[in-house]
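Sharing a structure here in structure tokens format.
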Amino acid sequence: QYLKAIPNISIQHCKCHDEKDRVLLKQKIAQYYVSEDAFENFAKGTAVAMMAVTVAQISGASEFLFETEFVPWIKLAFDIGQTDLANALLHADPVAWRKSAGLELMVLGSGAGAGRVKFHDQLNEWFDRYMQPVLTSLKLRSVKPEALQVLGRIRSQVGTKMSPQMWDGLVREL
């Protein structure tokens, strides 16, 4: 169902309870994104990326699951014009990661935890090496620089205790 929904992400065709909501949505997109097309492209690309990462975790159990559950996300990335994302997804090999982690069989007991950690380490390494640069590039092409600056300031404040006044100030900047 997600595979069919993601290509249809559209501001023009989104369902709004009240047509005023569409007006507000368009205002916010104009405020934060380069264009409506950029927003839609960003939404589609990040949705495919996050779903594919989630599916990679289960599709490593067998070649069959990889072909039926993960490969369609690669095809979708190509279909929606996200070639860089599709190429990053092509670098995923959860079946091999699972085998190298000693999880080719359903492992029960104390060894399972270490194998899962190794599997997730490999998944995270793939994400950091291939997916993160693509997502960062997509964000930089889609989000207005001034919105990125405010988000950067918010990110730098995370981890520090912020007063309601500090949050209000940051929100007003957005």
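No hydrogens, no waters, no symmetry mates; every other heavy atom, side chains included, goes into these values. Every value quoted in this text rests on a predicted model; they were computed, and no experiment measured them.
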(request) Answer yes or no: is there a side-chain heavy-atom contact under 4.5 Å between Val134 and Met131? (result) no

(message) Are more than 12 heavy atoms, taken from residues, nucleotides or ligands other than Glu125, located less than 6.0 Å from that residue's CD atom?
(response) no

(message) For His17, I'd like to know if atom NE2 has over 12 heavy atoms of other residues, nucleotides or ligands within 6.0 Å.
(response) no

(message) I'd like to know whether Lys75 forms a side chain to side chain contact (heavy atoms under 4.5 Å, CB included) with Asp79, so could you lay out the CA-CA distance, the side-chain angles of the two residues, the decisive distance to 0.1 Å, and finally the verdict.
(response) CA-CA 6 Å; Lys75 182 181 179 325; Asp79 290 349; 2.9 Å; yes

(message) So, taking the atom named NE2 in His13 and the one named CZ in Arg22, what distance separates them when rounded to the nearest 0.5 Å?
(response) 8.5 Å

(message) Whether the Asn41 and Gln82 side chains hold a donor-acceptor pair (N or O, under 3.5 Å, no angle test) is what I'd like checked.
(response) yes

(request) Answer with yes or no whether the hydrophobic clustering places Ile80 together with Leu3; edges join I, L, V, M, F, W, Y residues whose side-chain heavy atoms lie under 4.5 Å apart. (result) yes

(message) Can a donor-acceptor pair be found, under 3.5 Å and without considering hydrogens, that links the side chain of Ser137 to the backbone of Pro133?
(response) no

(request) Examine Leu148 and Phe39 and state if one hydrophobic cluster contains both, with Ile, Leu, Val, Met, Phe, Trp and Tyr joined whenever side-chain heavy atoms are less than 4.5 Å apart. (result) yes

(message) side chain to side chain contact (heavy atoms under 4.5 Å, CB included), that's the test. Do Lys144 and Tyr32 meet it? Break it down for me.
(response) CA-CA 6 Å; Lys144 288 183 175 180; Tyr32 300 122; over 6 Å; no

(request) State whether the side chain of Lys44 and the backbone N or O of Ile6 hold a donor-acceptor pair below 3.5 Å, judged by distance alone. (result) no

(message) Using the side-chain contact (heavy atoms from CB on, under 4.5 Å) definition, which of the options Val95, Asp93, Leu89 pairs with Phe70?
(response) Leu89

(request) Indicate whether the side chain of Gln12 and that of Lys26 have a donor and an acceptor atom separated by less than 3.5 Å. (result) yes

(request) For residues Ser59 and Glu69, report the shortest heavy-atom separation together with the two atoms involved. (result) CB-CB, 4.3 Å

(message) Donor-acceptor check, side chain of Ser142 to backbone of Lys139, threshold 3.5 angstrom: yes or no?
(response) no

(message) A side-chain contact here means heavy atoms from C-beta on lying under 4.5 Å apart; do Trp73 and Thr54 qualify?
(response) no

(request) Classify the angle between the aromatic ring planes of Trp97 and Trp126 as parallel (below 30°), tilted (30 to 60°) or perpendicular (above 60°). (result) tilted

(message) Run Gln57 and Leu123 through side chain to side chain contact (heavy atoms under 4.5 Å, CB included) and show every step you take.
(response) CA-CA 8 Å; Gln57 296 180 48; Leu123 180 103; 4.1 Å; yes

(request) Could you pull out the closest heavy-atom pair between Glu67 and Val71, with the gap in Å? (result) O-CB, 3.5 Å

(message) Under 4.5 Å between side-chain heavy atoms, counting indirect links through other Ile/Leu/Val/Met/Phe/Trp/Tyr residues: same cluster for Val23 and Leu25 or not?
(response) no

(request) Side-chain contact test, heavy atoms from C-beta onward, threshold under 4.5 Å: evaluate it for Phe119 versus Ser100 and give yes or no. (result) no

(message) Ile58 vs Leu65, test: side chain to side chain contact (heavy atoms under 4.5 Å, CB included). Steps then yes/no.
(response) CA-CA 8 Å; Ile58 60 161; Leu65 281 175; 5.7 Å; no

(request) Would you check if the side chain of Glu40 reaches a backbone N or O of Ile11 as a donor-acceptor pair within less than 3.5 Å? (result) yes

(request) Kindly compute the distance separating CG (Leu135) from OG1 (Thr46), expressed to the nearest 0.5 Å. (result) 7.5 Å

(message) Could you see if Phe78 belongs to whatever hydrophobic cluster contains Phe66? Use Ile, Leu, Val, Met, Phe, Trp, Tyr and a side-chain cutoff under 4.5 Å.
(response) yes

(request) With rounding to the nearest 0.5 Å, note down the distance linking NE2 in His91 to CZ in Arg129. (result) 7.5 Å

(message) Restricting to non-hydrogen atoms, name the atom on Arg141 and the atom on Ala38 that form the minimum distance, rounded to 0.1 Å.
(response) O-CB, 4.5 Å

(request) Anything under 30° is parallel, anything over 60° is perpendicular, the rest tilted; go ahead and classify Phe42 against Tyr33. (result) tilted

(request) Could you pull out the closest heavy-atom pair between Leu85 and Ala49, with the gap in Å? (result) CD1-CB, 3.9 Å

(message) Please say yes or no: joined through hydrophobic side-chain contacts below 4.5 Å, possibly via intermediate residues, are Val34 and Leu138 part of one cluster?
(response) no

